Trainee: 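Right, I'll just put the structure down here and ask away after.
We name chains A, B, ... by the order of the sequence lines, and we start the count at 1 in each one. Computed from a prediction, not measured in an experiment: that's the story for all the values here.
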Amino acid sequence: MEGTLFPSRPVLPIQTSRPIQPSPPVKFNATTLPPLPQTPSSFPIDSLLQHLLNISSPPNTPQNLKPLNPPHQTNAVFPSLQISVDSTPKQHQLKKPTSVLVHNFEDKAKPEDGLIDFLTVKGKMMFNSIVESPLHCVNELCDSAKFELLEVDLISLLKALDLSGNWERALLLFEWIMLNLHSESLKLDKQIIELMVRILGRESQHTIASKLFEVIPIEEYSLDVRAYTTVIHAYSRTGKYERAIDLFEKLMEMGLSPTLVTYNVMLDVYGKKGRSWNKILGLLAEMKSKGFEFDDFTCSTVISACGREGLLDEAKEFFAGLKSQGYVPGTVTYNSLLQVFGKAGVFMEALSILKEMEDNNCPPDAVTYNELVAAYVRAGFAEEGASVLKTMTQKGTMPNAVTYTTVINAYGRAGKEEEALRLFNQMKETGCVPNVCTYNAVLAMLGKKSRPEEMIKILCDMKSSGCAPNRITWNTMLAMCGDKGKHKYVNQRHLQYLDQCIWTVWVRYRCCTDAR
DNA sequence: ATAGGGTTAG
């Protein structure tokens, strides 16, 4: 499908003479960028580790330059995978070790002692080095310690990395194994792949998983049904519906029995692919014939599929059929039904769903209220939508970023910019963190009103709160610059700043990691 | 315990 993360973007001449750190008119807040792990300068440890440490202690200053054009093969074969890994904001700060590596390792590995026993001494050392090194050095590190890696039980090392909260490093080790498959006596076996699939699935790294299994002929490894289900799901989340369907068929050919979850994932695949209602009916019939009981996942998935296609009657019929069999719908199922009618503008039906939820003691959640807000807003009642914020707070459900975004957007469309901005500030004051959609909505609103100064401010705010801009953000910013009619509002300073923003983001995040 | 569903932005 693609060779790079951004096929539409020109391949930037990385080593251009362009200044990386020109002084921008408005300075980027460096502290908001993903922290890079710091590496200690020296450790009293044996020669192997000394060697590894030399690699793992790059100069601290031009870090953002280093990964741009790394000498290792990784980028050639997995141009995007490493980017994705590097661009993920760190959830956990890597602790700077204060003592010898091994000591440090034993300090923080208490819960995994049993597993660690499987590792050889050298494995422990490798583990420590990998854990403590900046991500972009891990591959060099692996290369330089090839001998040790060949001795160590790789699956245990992978497991240990994962258990210690370093799934990104686990991925890098996995990549390294893949890269050395032919030159070394390494083997990618079923167990290693299954583990990697499980890790990526658990971390919801669908984009990475999807790209990874573009390279690995996964159907040749006879993985278990769960692993295949995870991969199908990853394909689905990245829009590769045909691949998902293909893998499902292969799985059947291999004689594996799909589980309830596999079927639910496939229902979702056809639902998202669209125009596949017959396929959905077919799968449901197949499930029934195999004796599977539909669960809440099955129901909400099928109903959402109806919603996308506007199949109101089909949704109603399916729902009624389930209830007649004694099925008690849960909140998520009601929510998807609510969306079907809300989207179609059938408010009486939507209200009756809310009533039914109440009667059945099915507790509404934030999504329920969000659907309600969306229904109001679609009908042009921005204030009524805003009033739901109060209602839900009173009933003990905190409005979330989606709730605020919906209302802010509605105010924006209604020409009530100040109301929208007030709500945006209120949102932040109450501790609700805006997400990329919230920022995009505010930016689009300001863009329409030609308020570039404020747009720049919002963009800075975005950076300082650690929210990565995506394709839509940049398009909104660029539209502001390019709009001829409003061009007089955009001065050289704005353009320069925006240019700097884009450049910095490119360097630091390798541009935004838009999932789609 | 493991794999899955619903809401927002150009």
Side-chain angles (χ1 to χ4, degrees), chain A residues 194-195 197-202 204 206 209 223-234 236-237 244 258-269 271-272 294-308 315 329-340 342-343 353 364-375 377-378 385 388 392 397 399-410 412-413 420 424 427 432 434-448 458 462 467 469-480 483 514 516:
Chain A
E194 281 174 357
L195 178 58
V197 169
R198 206 163 70 218
I199 294 172
L200 292 175
R202 190 199 58 218
S204 299
H206 309 301
L223 309 184
D224 63 19
V225 192
R226 285 188 182 126
Y228 283 126
T229 305
T230 307
V231 179
I232 293 175
H233 182 234
S236 166
R237 293 292 285 256
T259 66
L260 178 61
V261 178
T262 317
Y263 277 115
N264 285 345
V265 171
M266 283 312 295
L267 288 170
D268 194 41
V269 167
K272 298 227 165 83
F294 297 167
D295 65 3
D296 235 23
F297 286 89
T298 321
C299 302
S300 59
T301 306
V302 172
I303 292 172
S304 297
C306 294
R308 289 188 200 98
T331 304
V332 179
T333 301
Y334 276 119
N335 287 348
S336 45
L337 203 57
L338 210 51
Q339 207 221 346
V340 172
K343 214 171 160 184
I353 305 283
D365 64 4
V367 179
T368 316
Y369 288 110
N370 290 346
E371 302 278 18
L372 186 61
V373 175
V377 159
R378 267 191 291 257
V388 178
M392 62 193 289
T397 306
N400 62 21
V402 179
T403 327
Y404 282 108
T405 305
T406 311
V407 180
I408 287 171
N409 195 38
R413 286 181 196 281
F424 181 58
M427 168 185 187
C432 181
N435 62 25
V436 66
C437 298
T438 321
Y439 283 111
N440 288 346
V442 173
L443 287 172
M445 179 184 82
L446 294 173
K448 258 191 289 187
I458 297 286
M462 208 169 164
C467 177
N470 65 12
R471 200 178 72 247
I472 296 173
T473 318
W474 295 123
N475 282 344
T476 309
M477 297 303 292
L478 290 169
M480 177 262 289
D483 194 329
D514 210 10
R516 286 171 158 238

Trainee: Can you check whether A/Arg237 has a side-chain N or O nearer than 4.0 Å to OP1 or OP2 of B/dG5?
Mentor: yes
Trainee: Kindly point out which of B/dT8, B/dA9, B/dG5 is positioned nearest to the side chain of A/Val436?
Mentor: B/dA9
Trainee: Would you give the length of the straight line joining atom OG1 of A/Thr476 to atom CE of A/Met445, rounded to the nearest 0.5 angstrom?
Mentor: 12.5 Å
Trainee: So what does A/Ala444 hit on the nucleic acid, given a heavy-atom distance under 4.0 Å: a base, only sugar-phosphate, or nothing?
Mentor: sugar-phosphate
Trainee: Drop me the distance from A/Glu371's CD to A/Thr403's OG1, to the nearest 0.5 angstrom.
Mentor: 11.0 Å
Trainee: To the nearest 0.5 Å, what is the distance between OG1 (A/Thr368) and CG (A/Leu338)?
Mentor: 7.0 Å
Trainee: Send over the distance from A/Leu372 CG to B/dT8 C1', rounded to a whole Å.
Mentor: 15 Å
Trainee: Base, sugar-phosphate alone, or nothing: which one does A/Asn475 contact when heavy atoms must sit under 4.0 Å apart?
Mentor: base
Trainee: Report yes or no: is there a donor-acceptor pair, N or O only, under 3.5 Å between the side chain of A/Thr262 and the base of B/dA3?
Mentor: no
Trainee: Roughly how many Å is it from NZ in A/Lys343 to C1' in B/dT7, rounded to a whole number?
Mentor: 11 Å
Trainee: Any donor-acceptor pair, under 3.5 Å, between the side chain of A/Ser300 and the base of B/dG5, if you only look at N and O atoms?
Mentor: yes
Trainee: Answer yes or no: side-chain N or O of A/Asp268 and base N or O of B/dG5 forming a donor-acceptor pair under 3.5 Å.
Mentor: no
Trainee: Within the structure shown, what part of the strands sits under 4.0 Å from A/Arg202 by heavy-atom distance: base, sugar-phosphate, or nothing?
Mentor: nothing
Trainee: Is the distance from OP1 or OP2 of B/dT8 to the nearest side-chain N or O of A/Arg413 less than 4.0 Å?
Mentor: no
Trainee: In whole angstroms, how far is the C1' atom of B/dA9 from the CZ atom of A/Phe424?
Mentor: 12 Å
Trainee: Verify the contact: side-chain N or O of A/Asn409 to OP1 or OP2 of B/dA9, cut-off strictly under 4.0 Å; return yes or no.
Mentor: yes
Trainee: In whole Å, I'd like the distance from the CD1 atom of A/Ile199 to the P atom of B/dA1.
Mentor: 20 Å
Trainee: Hey, could you give me the CG/OG distance between A/Leu267 and A/Ser300, rounded to the nearest 0.5 Å?
Mentor: 10.0 Å
Trainee: Looking only at side-chain atoms of A/Asn440, point me to the closest of B/dA9, B/dT8, B/dT7.
Mentor: B/dA9
Trainee: Side chain of A/Asn435: nearest nucleotide among B/dA3, B/dG10, B/dT8?
Mentor: B/dT8
Trainee: Which nucleotide in the list B/dT7, B/dG5, B/dA9 gets nearest to the side chain of A/Glu371?
Mentor: B/dT7
Trainee: When you get a sec, tell me which of B/dA9, B/dG5, B/dT7 is the closest nucleotide to the side chain of A/Asn400?
Mentor: B/dT7
Trainee: Nearest 0.5 angstrom please: A/Leu337 CG to A/Ile303 CD1, how far?
Mentor: 5.0 Å
Trainee: Provide, to the nearest angstrom, the distance between the CD1 atom belonging to A/Ile458 and the C1' atom belonging to B/dG10.
Mentor: 16 Å
Trainee: Reckon A/Thr301 touches a base, only the sugar-phosphate, or nothing at all at heavy-atom distances under 4.0 Å?
Mentor: sugar-phosphate
Trainee: I'd like to check the side-chain hydrogen bond (donor to acceptor under 3.5 Å, both in side chains) partners of A/Tyr439; sequence neighbours left out, ordered by chain and number.
Mentor: A/Ser465
Trainee: Just the rounded figure in Å: distance from P of B/dT2 to CG of A/Leu200.
Mentor: 16 Å
Trainee: Check every atom of B/dA3, B/dA9, B/dG10 against the side chain of A/Asn470 and return the nucleotide holding the closest atom.
Mentor: B/dA9
Trainee: Which one, B/dT7, B/dG10, B/dA9, comes nearest to the side chain of A/Val367?
Mentor: B/dT7
Trainee: Please state how far atom CD1 in A/Ile472 lies from atom P in B/dT8, giving the value in whole angstrom units.
Mentor: 13 Å
Trainee: Let's see if you can work this out: which of B/dG5, B/dG10, B/dT8 has an atom nearest to the side-chain heavy atoms of A/Cys437?
Mentor: B/dT8
Trainee: Just to be sure I understand the rule, does A/Thr259 reach a base, reach only the sugar-phosphate, or reach nothing, if contact means heavy atoms closer than 4.0 Å?
Mentor: base
Trainee: A/Val402 side chain: which of B/dG10, B/dT7, B/dG5 is closest?
Mentor: B/dT7
Trainee: Not counting sequence neighbours, which residues clear salt bridge (Lys or Arg N to Asp or Glu O under 4.0 Å) with A/Arg378? List them please.
Mentor: none
Trainee: Please give, in whole Å, the distance from B/dG10 P to A/Leu443 CG?
Mentor: 11 Å
Trainee: Mind checking if A/Thr333 touches a base, just sugar-phosphate, or nothing, with heavy atoms under 4.0 Å?
Mentor: base
